[in-house]
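Note sheet for the following structure.
The structure displayed is predicted, hence computed values, not measured ones.
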Amino acid sequence: MGNAKIIDGKAYAERLRSRIAEAVFQLKVKHSIIPGLAVVLVGDDPASQVYVRNKEKQTAEAGMASFKNKLSASIEENDLLSLIDDLNKDTAVHGILVQLPLPDHIDSGKIINAINPDKDVDGFNAINVGRLTAGNKGMVPCTPLGCLMMLRDYHGSLSGLDAVVIGRSNIVGKPMAQLLLGDSCTVTIAHSRTKDLKDVVKRADIVVAAVGRAEMVPGDWIKEGATLIDVGINRIDKPEGGTRLVGDVDYDSCSAVAGAITPVPGGVGPMTIACLLANTLTAACRANSVEEPVGLTA
Ligand code: NAP
């Protein structure tokens, strides 16, 4: 354990959800609009079922409408595309989320790109990827959006800071890098082929680790006072039996050097669903040309 300030994602997410619930209430009272999120779940993957249940619960708690579409793992791609088409046309649905992964016989990219970009609350549609890259208004992927909110809250301005994102996935690493660039950080994206990763990480004021390798980043890679955002979720065995969750950074050695750090669990994770609610609210406001609450998107 060290001196680093703990960035409490759980508490931040709770505050964000109550702000969203208040804005949803006002939208109902003033404009008779109820933001609606349609979740599409294909098959019986246990982890996906848990995620979807949590999303439904939190959507309802925020006062939004939740529409669940549970489909058999053997559904044909064309039938899934027609469901997306129906949801695109449904004016009660402002956000559409297709829970990934999809079964192998379905082309996930084709499904995601069939979602109306303005209802694409996951921000994975190629149009939204382009909007983010171009610095235009769009839907921003939830996990990096949550990281950005916590970084802005902690630092105030991110302008001019040196940021290193470890990981280049389409759902975390790449959009995270674009968001940091949008806030005028000097951004480096590192990945499995990066040479001298320690030296690259050591110069960063902000490190976002999104790798999926338990406790990969040790404290001696970290510049004194840096801010660490740990996206990783890894389950490891405990010496006494059972398992526990850890991130991609080695919490004990890193928190001795860092200025601030997100814990795992209780850091980035809770922000992801809160940002899904934020995106659904933003989408509902935009669809109805109502002014959107500030601070809910990039
Ligand atoms: P991913 O698609 O597997 O991408 C991992 C990235 O890490 C890849 O770009 C890979 O590089 C890079 N990498 C792998 N080994 C490396 C190494 N030794 N050194 C440097 N880079 C390395 O994973 P993801 O979907 O982005 O997720 C990353 C982690 O975040 C996972 O633990 C996941 O569970 C977690 N996650 C958490 C949330 C949340 O809500 N908290 C949301 C999403 C993901 P290459 O591209 O070269 O292979």
Point to revise | CD1 on Ile127 to CG on Asn116, rounded to 0.5 Å | key: 10.0 Å
Exercise for review: With side chain to side chain contact (heavy atoms under 4.5 Å, CB included) as the test, would you mind laying out the steps for Val217 and Asp230 before giving the verdict?
Suggested key: CA-CA 10 Å; Val217 178; Asp230 193 351; over 6 Å; no
Review point. Less than 4.5 Å apart, any side-chain heavy atom of Cys285 and any of Pro293?
Key: yes
Point to revise | Of all pairs that satisfy salt bridge (Lys or Arg N to Asp or Glu O under 4.0 Å), the ones with a partner from residues 240-249, not counting sequence neighbours | key: Glu215-Arg244
Revision key, fill the gap. Scanning both residues in full, the closest heavy-atom pair of Gly160 with Thr186 reads O-OG1, 4.4 Å
Point to revise | Main-chain N/O of Gly109 paired to Asn113 side chain as donor or acceptor, under 3.5 Å | key: yes
**Study point:** Residue list, side chain to side chain donor-acceptor pair (under 3.5 Å) with Gln99, at least two apart or on another chain
**Key:** Lys55
Please tabulate, one pair per line, all N/O donor-acceptor pairs under 3.5 Å involving side-chain atoms of residues 33-52, not counting sequence neighbours.
unit_1, atom_1, unit_2, atom_2, d
Asp44, OD1, Lys70, NZ, 3.2
Asp45, OD2, Ser48, N, 3.0
Asp45, OD2, Ser48, OG, 2.8

Point to revise | Residues Ile7, Ile261; criterion side chain to side chain contact (heavy atoms under 4.5 Å, CB included); working and verdict | key: CA-CA 6 Å; Ile7 300 178; Ile261 187 167; over 6 Å; no
Practice item. Return each pair, listed once, that meets salt bridge (Lys or Arg N to Asp or Glu O under 4.0 Å) where at least one residue sits in residues 130-151; pairs must be two or more places apart or across chains. Key: Asp118-Arg131, Lys137-Glu292
Study note, to complete from the structure: Apart from Val29 itself, its cluster of hydrophobic side chains linked below 4.5 Å comprises Phe25
Review point. Under 6.0 Å from the CG atom of Asn136, do we count more than 12 heavy atoms belonging to anything else shown?
Key: yes
Check your understanding: Please walk me through it: do Lys10 and Glu14 pass side chain to side chain contact (heavy atoms under 4.5 Å, CB included)?
Key -> CA-CA 6 Å; Lys10 190 162 173 262; Glu14 266 165 35; 4.2 Å; yes
Exercise for review: Begin from the C-alpha positions of Val98 and Phe124 and carry the test side chain to side chain contact (heavy atoms under 4.5 Å, CB included) through to its verdict.
Suggested key: CA-CA 10 Å; Val98 177; Phe124 297 156; over 6 Å; no
Review point. Gly259 and Tyr154: which non-hydrogen atoms are nearest, and at how many Å?
Key: O-OH, 3.7 Å
**Study point:** Side chains of Met139 and Arg286 in contact at under 4.5 Å (non-hydrogen atoms)
**Key:** yes
Practice item. Could I get the full list of side chain to side chain donor-acceptor pair (under 3.5 Å) partners for Asp250, not counting sequence neighbours? Key: Ser253
Exercise for review: Could you pull out the closest heavy-atom pair between Thr297 and Gly138, with the gap in Å?
Suggested key: OG1-O, 4.4 Å
Review point. With a 4.5 Å limit on heavy-atom distance, are the side chains of Leu16 and Leu296 in contact?
Key: yes
What pairs of donor and acceptor atoms, side-chain ones from residues 175-185 against any protein atom, are under 3.5 angstrom apart with sequence neighbours left out?
unit_1, atom_1, unit_2, atom_2, d
Asp183, OD1, Arg152, NH2, 2.9
Asp183, OD2, Arg152, NE, 2.7
Asp183, OD2, Arg152, NH2, 3.4

Check your understanding: Which pairs pass salt bridge (Lys or Arg N to Asp or Glu O under 4.0 Å) with one or both residues in residues 86-97, sequence neighbours excluded?
Key -> Asp85-Lys89
Check your understanding: Can you find a heavy atom in the side chain of Trp221 that is under 4.5 Å from one in the side chain of Lys202?
Key -> no
Show me the side-chain donor-acceptor pairs of residues 203-212 shorter than 3.5 Å, one per line, residues at least two apart or across chains.
unit_1, atom_1, unit_2, atom_2, d
Arg203, NH2, Thr188, OG1, 3.0
Asp205, OD1, Lys223, NZ, 2.8
Asp205, OD2, Asp162, N, 2.7

Check your understanding: Tell me, do Thr133 and Lys174 make a side-chain contact under 4.5 Å, heavy atoms counted?
Key -> no
Review point. In terms of hydrophobic clusters joined by side-chain contacts under 4.5 Å, are Val249 and Met271 together?
Key: no
Review point. Is the backbone N or O of Ile115 less than 3.5 Å from a side-chain atom of Asn88, with the two atoms forming a donor-acceptor pair by type?
Key: no
Review point. Glu56 and Ser66: which non-hydrogen atoms are nearest, and at how many Å?
Key: CG-OG, 3.6 Å
**Study point:** Spatial distance of atom CD1 (Ile222) from atom SG (Cys254) [nearest 0.5 Å]
**Key:** 4.5 Å
Revision key, fill the gap. In this structure, CG of Leu71 is separated from CD of Glu76 (nearest 0.5 Å) by 12.5 Å
Practice item. Count the heavy atoms of every other residue, nucleotide or ligand shown that sit under 6.0 Å from CZ of Arg235, and state whether that count exceeds 12. Key: yes
Practice item. Report whether Ile75 and Ile96 are members of the same hydrophobic cluster (ILVMFWY, side-chain heavy atoms less than 4.5 Å apart, transitive linking). Key: yes
Review point. Distance from Arg213 atom CZ to Ile166 atom CD1, nearest 0.5 Å?
Key: 11.0 Å
**Study point:** Transitive ILVMFWY side-chain link Ile171 to Leu148, under 4.5 Å
**Key:** yes
Exercise for review: Over all heavy atoms of both residues, which pair between Ala190 and Leu197 is shortest? Give the atoms and the distance, please.
Suggested key: CB-CD1, 3.5 Å
Exercise for review: Indicate if Val231 and Leu151 have the same hydrophobic cluster label, given that clusters are the connected sets of ILVMFWY residues with side-chain heavy-atom separations under 4.5 angstrom.
Suggested key: yes
Counting only pairs under 3.5 Å, give me each side-chain donor-acceptor contact of residues 272-283, with atom names and distances, residues two or more places apart or in other chains.
unit_1, atom_1, unit_2, atom_2, d
Thr272, OG1, Thr143, OG1, 3.0
Asn279, ND2, Val121, O, 2.9
Asn279, ND2, Val140, O, 2.9
Thr280, OG1, Leu276, O, 2.8
Thr282, OG1, Ala278, O, 2.9

Check your understanding: Say you draw a straight line from CG of Asp122 to CD1 of Ile112; how long is it, rounded to the nearest 0.5 Å?
Key -> 6.5 Å
Check your understanding: Looking at side-chain heavy atoms only, is the closest gap between Val93 and Phe67 below 4.5 Å?
Key -> yes
Check your understanding: Taking only residues two or more places apart in sequence, or in another chain, which ones meet Ser157 in a side chain to side chain donor-acceptor pair (under 3.5 Å)?
Key -> none
Review point. Any sub-3.5 Å donor-acceptor pair from Ser169's side-chain atoms to Val172's backbone N or O?
Key: yes
Exercise for review: Could you tell me which residues satisfy side-chain contact (heavy atoms from CB on, under 4.5 Å) with Glu77, sequence neighbours excluded, listed by chain and number?
Suggested key: Leu81, Ile106, Asp107, Lys110, Ile111
Exercise for review: Can you establish whether the number of heavy atoms outside Lys195 located under 6.0 Å from its atom NZ is more than 12?
Suggested key: no
**Study point:** Close side-chain approach of Tyr12 and Asp153, heavy atoms under 4.5 Å
**Key:** yes
Check your understanding: In the single-linkage hydrophobic clustering (I, L, V, M, F, W, Y; side-chain heavy atoms under 4.5 Å), do Leu87 and Leu100 co-cluster?
Key -> yes
Check your understanding: Where do Thr194 and His191 come nearest, in terms of heavy atoms and distance?
Key -> OG1-N, 2.7 Å
Practice item. Using modelled atom types only, decide if a donor and an acceptor are shared between the side chain of Asn288 and the backbone of Ala284 within a distance under 3.5 Å. Key: yes
Check your understanding: When you measure from the side chain of Asn128 to the backbone N and O of Pro117, does any donor-acceptor pair fall under 3.5 Å?
Key -> yes
Check your understanding: Is any side-chain heavy atom of Met216 less than 4.5 Å from a side-chain heavy atom of Asn234?
Key -> no
